[in-house]
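Written out below as structure tokens is the structure these notes cover.
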Amino acid sequence: PCGGEREEIMLERAKREELAGKAKEIRKDIVTMIGVGKAGHLGGSCSLADIVAVLYFYKMNHDPKDPKKPDRDRFLLSKGHAAIVQYAALMECGYFDKDTYIHTLKKLGSQLQGHPDMRKLVGIEANTGSLGQGVSLAAGMAAGLRLNGLPSKVYVAVGDGELAEGQLWEAFMAASNFKLDNLRVIIDRNGLQATGKTKDRFDIGSIEEKMKAFGFEVMTIDGHDLDAIADALDAADQVKGKPVCIVADTVKGKGVPFAEGNASFHNGTLTQEQYDEALRILEEA
């Protein structure tokens, strides 16, 4: 549920179809960037594709023609290994030329590094990927924006496996203490990490109850339901005096059937057959 007795707002059909198309293109871009025989984080990138599509093409205030405008909303990947999903969204928005860059992922000298690098690529707000640090960065940005009197929101995506990192919980406490109601923490709860099920590696119990205890307004959604994603993001704007956590239940590798729920595609390689199959399925979806 997205909280309370409020009326849920459904996307218009045309906007829903547009967002579904963007999510599809983002997944195709993810597969294309990874290519054949090169390790890439397919699983955790595809699990975020719908959320990222809604952020970039529905919710966030941003402008590819003016990527540094002061009042822009910010999106950070604390789970920086999923950088490919953000690269795909930036391509589809027009921050940089898709045809020029899509086959350059992780090549020597490429701007599309294995983890996001704000010094190399327009549209990246922070260098991330050392797990556990993204919320600290996002909270600092949110506090700074508020001090500057700007209406901008800061969105940060966190992996459920990443929640084993202690620095995140310090940042959650700080965000609550400073009442950062312009901060949105999105937890990608796909249930898997590099070596298997998250609950078998480090079971933290109820994420919702913990985040409530840490002072957040908490919503739980289907992370592949475009209406639910948009509705939760809109509802977050009505929350005052505390930060918001959206727990998104997702499927690792969503959209690529042989990778769905398969931990081996956390950072796996595609054969030529798998690559062709993935693109065919996504094209037909």
What orientation do His62 and Tyr95 show, parallel under 30°, tilted 30 to 60°, or perpendicular over 60°?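 Plane angle under 30°, so parallel.
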
Measure the acute angle between the ring planes of His81 and His41, then classify it against the limits of 30° and 60° as parallel, tilted or perpendicular.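 It falls in the tilted class, 30° to 60°.
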
Salt bridge between [X] and [Y], side-chain N to carboxylate O under 4.0 Å?
| X | Y | answer |
| --- | --- | --- |
| Asp63 | Arg72 | no |
| Glu18 | Lys15 | yes |
| Lys28 | Glu25 | yes |
| Arg119 | Asp117 | yes |

Hey, what do you get for NZ (Lys79) to CG (Asn190), rounding to the nearest 0.5 Å?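 The distance works out to 5.5 Å.
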
Roughly how far apart are Cys46 SG and Lys252 NZ, rounded to 0.5 Å?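 Atom-to-atom, Cys46:SG and Lys252:NZ are 11.0 Å apart.
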
Tell me, do [X] and [Y] make a side-chain contact under 4.5 Å, heavy atoms counted?
| X | Y | value |
| --- | --- | --- |
| Val256 | Arg27 | no |
| Phe96 | Pro64 | no |
| Phe172 | Lys210 | no |

Does the pair Leu192 and Phe265 meet the rule for a side chain to side chain contact (heavy atoms under 4.5 Å, CB included), with working shown? CA-CA 10 Å; Leu192 292 173; Phe265 286 97; over 6 Å; no

Got a sec: does the NZ of Lys65 have more than 12 other heavy atoms crowding it under 6.0 Å?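 Incorrect, the count does not exceed 12.
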
Looking at Lys179, I'd like to know if its NZ atom is crowded, meaning that more than 12 non-hydrogen atoms belonging to other residues, nucleotides or ligands lie closer than 6.0 Å.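 Counting other residues, nucleotides and ligands, NZ of Lys179 stays at 12 neighbours or fewer.
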
List the atom of [X], the atom of [Y], and the distance in Å for their closest heavy-atom pair.
| X | Y | value |
| --- | --- | --- |
| Ala157 | Leu48 | CB-CD1, 4.1 Å |
| Ile26 | Ala49 | CG2-CB, 4.0 Å |
| Ala126 | Leu76 | CB-CD2, 3.8 Å |
| Phe202 | Ala164 | CD2-CB, 3.6 Å |
| Ile102 | Met91 | CA-CE, 3.7 Å |
| Val251 | Gly261 | CG1-N, 4.0 Å |

Asn61 and Lys69: side chain donor to acceptor below 3.5 Å: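 Per modelled atom types, Asn61 and Lys69 side chains form a pair under 3.5 Å.
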
Is there a side chain to side chain contact (heavy atoms under 4.5 Å, CB included) between Tyr56 and Lys22? Walk through the geometry before answering. CA-CA 10 Å; Tyr56 276 93; Lys22 293 299 184 182; over 6 Å; no

Determine, using the 4.5 Å side-chain heavy-atom cutoff (strictly less than), whether Leu131 and Leu77 are members of one ILVMFWY cluster.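 No; tracing contacts between hydrophobic side chains, which count when under 4.5 Å, never links both residues.
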
Side chain to side chain contact (heavy atoms under 4.5 Å, CB included) between Leu226 and Val54, intermediate numbers included: CA-CA 7 Å; Leu226 298 172; Val54 176; 3.7 Å; yes

Which one of Asp249, Asp160, Asp222 satisfies the salt bridge (Lys or Arg N to Asp or Glu O under 4.0 Å) criterion with Arg189?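 Of Asp249, Asp160, Asp222, salt bridge (Lys or Arg N to Asp or Glu O under 4.0 Å) with Arg189 is met by Asp249 alone.
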
